[in-house]
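Proteins come first, then strands; the chains are lettered A, B, ... in the order of their sequence lines, and each starts at number 1.
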Number of protein chains: 2
Amino acid sequence: MPKSKASPGSADGSASEQRRLQMVDIARLAGVSVSTVSRALNGSELVNAETRQRVAELARSLNYSINFGARNLRLQENKTVAVVVPFDAKSRQHISDPFFLSIVGSIADALTDRGYDMLLSRVDAEHLDLASHWFDSGKAIGVVLIGQWRHHDQLNEMAARKLPLVVWGGEMPQQLYCSVGGDNVLGGTLATRHLLQTGRRRIAFVGDAHLPEVWLRRQGYAQALREAGVPVDPALELAAPFEPGVATGVVREFCAAQQGFDGVVCCSDVLALLTIQALRGVGRSVPGDVAVIGYDDMPLAAYCEPPLTTVHQPVAEAGAELVEALLGQLRGERAGPRTMPVHLTLRDSAPATAS
Amino acid sequence: MPKSKASPGSADGSASEQRRLQMVDIARLAGVSVSTVSRALNGSELVNAETRQRVAELARSLNYSINFGARNLRLQENKTVAVVVPFDAKSRQHISDPFFLSIVGSIADALTDRGYDMLLSRVDAEHLDLASHWFDSGKAIGVVLIGQWRHHDQLNEMAARKLPLVVWGGEMPQQLYCSVGGDNVLGGTLATRHLLQTGRRRIAFVGDAHLPEVWLRRQGYAQALREAGVPVDPALELAAPFEPGVATGVVREFCAAQQGFDGVVCCSDVLALLTIQALRGVGRSVPGDVAVIGYDDMPLAAYCEPPLTTVHQPVAEAGAELVEALLGQLRGERAGPRTMPVHLTLRDSAPATAS
DNA sequence: GTGAAAGCGCTAACAC
DNA sequence: GTGTTAGCGCTTTCAC
């Protein structure tokens with residue numbers, strides 16, 4: 001049995017447990033039935049305007065809020081969306097990249113605007129499919145996943161299972177799920193082209209191409225090099241992960257070993273910052289000796305030293321796009337992946353004028 | 001009437017609407033009653049081990065997850081906590097301070113560890129009391145609010161209403177609600193003392209003392225100055241808000257107008273970054289001419305230029321403390337405010353050796 | 001060991 | 001215009 005209804009003020013163990021008001025209480029106090037209260041609170045035209053007013057007033061004055069659990073159960077509806085941020089279980093690194101956090105903020109806004117609640121959680125990046133739990137359990141009507149990580153396959157399976165799902169990330173071949181993301185190929189191209197145009201020739205690429213987004217950026221990078229007739233040199237590619245804890249050492253080693261480059265395209269602003277530090281550690285200046293370009297244009301990018309030239313991602317629009325894509329899916333629309341434009345924000349780490 | 005149960009595969013408008021599996025389906029397939037399935041899935045000893053096994057297997061193979069809405073309604077329980085981040089409605093600035101986002105991450109971990117879900121939302125910083133909605137509506141069992149902002153009074157009212165509430169922030173006189181936070185007075189003192197010890201004498205303070213946390217830090221600042229026999233000069237105090245958009249101009253003006261200081265205590269790392277930029281803008285070097293200390297020790301603080309000397313806040317522990325305080329309250333424990341130790345992390349923006 | 005039935009707080013036919 | 005009633009998906013007495 002559920003715990004018996006404690007009469008208000010009764011000490012049933014927990015001092016702070018105020019019995020939550022419910023419709024029946026309002027009904028009794030207003031001298032009407034629960035149905036009338038329900039109708040009144042939902043603004044039904046069926047109920048007398050005066051009664052409606054009175055009930056609404058009473059409810060407000062008592063701080064009554066409808067019990068959404070019960071309402072949802074009865075209505076078979078739910079206005080909650082799960083937003084899931086993968087984390088790297090191996091390195092025990094939390095996702096603290098400012099970019100991901102900004103995306104989460106953007107989604108929060110978009111959901112709030114549309115009257116939805118946001119359930120935020122993490123999932124082991126090796127088991128993205130566990131995110132389906134939020135839907136299966138009825139806690140959420142759908143899932144927004146931040147990043148594809150290494151498990152394109154799991155995402156495809158989830159989509160095949162008809163899980164309402166939208167993923168922030170790049171568009172890959174043979175993709176069954178709906179993705180929303182910046183134009184990664186373009187981003188890679190813009191960054192690389194800018195370095196080439198300002199006279200750099202030996203351009204490194206920092207980012208783990210096992211991740212779809214990075215893989216696409218690398219395409220853009222290679223393409224821009226080819227356009228310029230510059231050979232792609234695998235020795236200048238560094239598969240650094242996004243987690244700063246792991247990346248720091250890798251980047252430092254790379255900068256110590258490879259002294260032959262004069263430009264770097266990094267796959268996040270944090271990686272760019274780490275790279276700049278590592279370069280300085282081996283006595284190379286930025287942007288003098290090496291021009292560095294970041295990715296994301298995080299809020300702090302302008303306040304670093306030097307301020308980062310970086311590929312700007314459409315964070316503000318991202319939330320709305322992701323949410324719309326999910327809601328569209330729930331309405332039965334067959335929406336494909338969406339790729340949003342990106343642009344290069346010029347600052348000092350890779351200035352506009354040739355060195 | 002709720003929409004009729006669509007038979008699986010029926011096209012009822014939305015293509016992706018898979019009918020969610022429920023206990024009765026599992027029961028039918030397993031050839032037992034729903035009660036048995038319920039018991040089996042909850043690991044009850046009452047049900048035959050073999051049956052239990054079979055039901056569990058079946059449920060798993062079908063990706064069945066129990067409907068938590070219904071379960072919670074029946075059990076009168078809920079394992080969801082609302083985490084609410086205030087935002088400044090006037091400046092339309094979102095909270096993007098890395099520190100707040102880190103705290104949210106920390107809370108997410110703590111809740112997950114304890115089997116709770118996290119509902120993340122924002123609230124107008126002028127109406128913190130709206131956060132009580134999450135409790136009143138039964139969507140959450142309690143509220144964790146990130147920061148007190150200017151509305152200590154509203155928080156007290158919420159606590160008086162017996163709302164299960166924990167606030168990240170400082171401990172103020174006559175406080176009815178439960179707060180958890182770093183030791184702000186100590187933080188202010190440590191930062192100021194360090195500047196004094198390294199030979200600085202004209203020390204500015206950047207932060208809006210209308211906010212409780214900042215007010216406390218200012219106490220520490222003033223105290224350290226008094227200890228050293230240095231007069232507190234109101235001209236060296238700048239009431240800059242945390243929002244970078246608003247703060248940038250304010251800080252720039254201040255640095256242009258006040259050339260007479262050789263040290264600054266800032267109330268966030270972002271403010272410190274802005275201050276460093278502004279100082280450089282007027283031709284003053286950091287830490288040469290002015291030593292700058294930040295607050296929070298955000299993940300990126302080590303990767304700025306110069307790396308920030310800053311007051312380290314116990315982010316990793318904060319989540320657990322906040323959550324424990326809330327759960328304690330729900331158990332009826334009468335927990336007071338909790339103040340956690342902070343320490344100074346020395347880096348280059350205010351080095352250990354006197355200039 | 002298992003099933004039938006009641007009920008969590010709410011909404012919406014269906015009466016009146 | 002309002003009350004009565006059934007039922008959303010689940011758990012748990014209470015029978016057997």
Side-chain angles (χ1 to χ4, degrees), chain A residues 1-6 17-56 59 62 64-79 135-141, chain B residues 1-6 17 19-56 59 62 64-79 135-139 141:
Chain A
M1 267 271 166
K3 71 177 71 89
S4 63
K5 264 179 208 177
E17 185 155 354
Q18 47 160 307
R19 181 165 94 57
R20 215 185 305 275
L21 280 173
Q22 49 192 75
M23 270 195 187
V24 61
D25 301 309
I26 308 293
R28 197 163 348 163
L29 292 167
V32 293
S33 75
V34 271
S35 343
T36 300
V37 175
S38 170
R39 286 191 272 250
L41 261 28
N42 286 296
S44 161
E45 289 298 321
L46 290 168
V47 61
N48 184 308
E50 190 262 319
T51 320
R52 198 162 58 207
Q53 182 76 16
R54 191 160 47 87
V55 170
L62 293 173
Y64 168 78
S65 289
I66 194 169
N67 180 324
F68 274 85
R71 178 181 214 271
N72 289 345
L73 181 58
R74 174 63 233 231
L75 255 35
Q76 294 287 87
E77 78 175 32
N78 186 346
K79 304 258 280 181
F135 176 78
D136 294 334
S137 67
K139 283 180 180 169
I141 53 166
Chain B
M1 266 271 166
K3 73 177 71 86
S4 64
K5 266 181 208 173
E17 185 156 354
R19 180 165 95 58
R20 216 185 303 276
L21 238 32
Q22 49 191 76
M23 267 192 189
V24 60
D25 301 309
I26 308 292
R28 198 162 344 155
L29 291 167
V32 293
S33 74
V34 273
S35 336
T36 301
V37 174
S38 171
R39 286 190 272 249
L41 261 27
N42 286 297
S44 161
E45 289 297 323
L46 289 168
V47 61
N48 184 308
E50 190 262 321
T51 320
R52 198 163 58 207
Q53 181 76 15
R54 192 159 48 87
V55 169
L62 293 173
Y64 169 78
S65 289
I66 195 169
N67 180 322
F68 273 85
R71 178 180 215 269
N72 288 344
L73 181 56
R74 173 62 232 232
L75 255 36
Q76 294 289 86
E77 76 175 34
N78 186 346
K79 304 256 282 184
F135 176 78
D136 294 334
S137 67
K139 283 180 180 170
I141 52 167

(request) Could you walk me through whether R54(A) and V32(A) pass side-chain contact (heavy atoms from CB on, under 4.5 Å), step by step? (result) CA-CA 11 Å; R54(A) 191 160 47 87; V32(A) 293; 4.3 Å; yes

(request) Assess whether side-chain contact (heavy atoms from CB on, under 4.5 Å) is satisfied between R39(A) and R52(A), documenting all intermediate values. (result) CA-CA 8 Å; R39(A) 286 191 272 250; R52(A) 198 162 58 207; over 6 Å; no

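One atom, CG of D25(A), and another, C1' of dG9(C), lie 11 Å apart when rounded to the nearest Å. Atom P of nucleotide dG9(C) and atom CD of E77(A) are separated by 19 Å, given to the nearest angstrom. For the pair N48(B) CG and dG3(C) P, the interatomic distance rounds to 11 Å; values are reported in whole Å. For the pair L73(B) CG and dT11(C) P, the computed distance is 12 Å after rounding to whole Å. Straight-line distance from the CZ atom of R39(A) to the P atom of dG9(C): 20 Å, rounded to whole Å. Rounded to whole Å, the distance from CZ on F68(A) to P on dT11(C) is 9 Å. We find that CZ of R71(A) is positioned 21 Å from P of dG7(D), with the value rounded to whole Å. In this entry the distance linking CD1 of I66(B) with C1' of dT11(D) reads 9 Å, nearest Å.
Side-chain nitrogen and oxygen atoms of Q76(A) include none within less than 4.0 Å of the OP1 or OP2 phosphate oxygen of dC8(D). For the pair Y64(B) and dC10(D), the criterion of a side-chain N or O lying under 4.0 Å from OP1 or OP2 is met. Regarding contacts with the backbone of dT12(D), every side-chain N or O of S38(B) stays at 4.0 angstrom or more from both OP1 and OP2.
Considering every non-hydrogen atom in both D25(B) and R20(B), the closest pair reads OD2-O, 4.4 Å.
Using a 4.0 Å heavy-atom criterion, one finds that N42(A) contacts the sugar-phosphate atoms exclusively.
Contact annotation: the side chain of F68(B) never approaches that of N78(B) to less than 4.5 Å [non-hydrogen atoms, C-beta and beyond].
Applying the 3.5 Å distance criterion, the base of dT4(D) shares a donor-acceptor pair with the side chain of S35(A). Not a single donor-acceptor contact under 3.5 angstrom links the side-chain atoms of R74(A) to the base of dG9(D).
Note: I26(B) CD1 to I66(B) CD1 = 10.5 Å, rounded to the nearest 0.5 Å.
Taking for each of L46(B) and N67(B) the nucleotide of DNA chain D with the nearest heavy atom, the 5'-most of the two is the partner of N67(B). In this structure, V34(B) and V37(A) both approach DNA chain C, and ranking their closest nucleotides by distance from the 5' end singles out V34(B).
Taking only side-chain atoms of S33(A), from C-beta outward, the nucleotide of dT4(D), dT12(D), dC10(C) with the closest atom is dT4(D).
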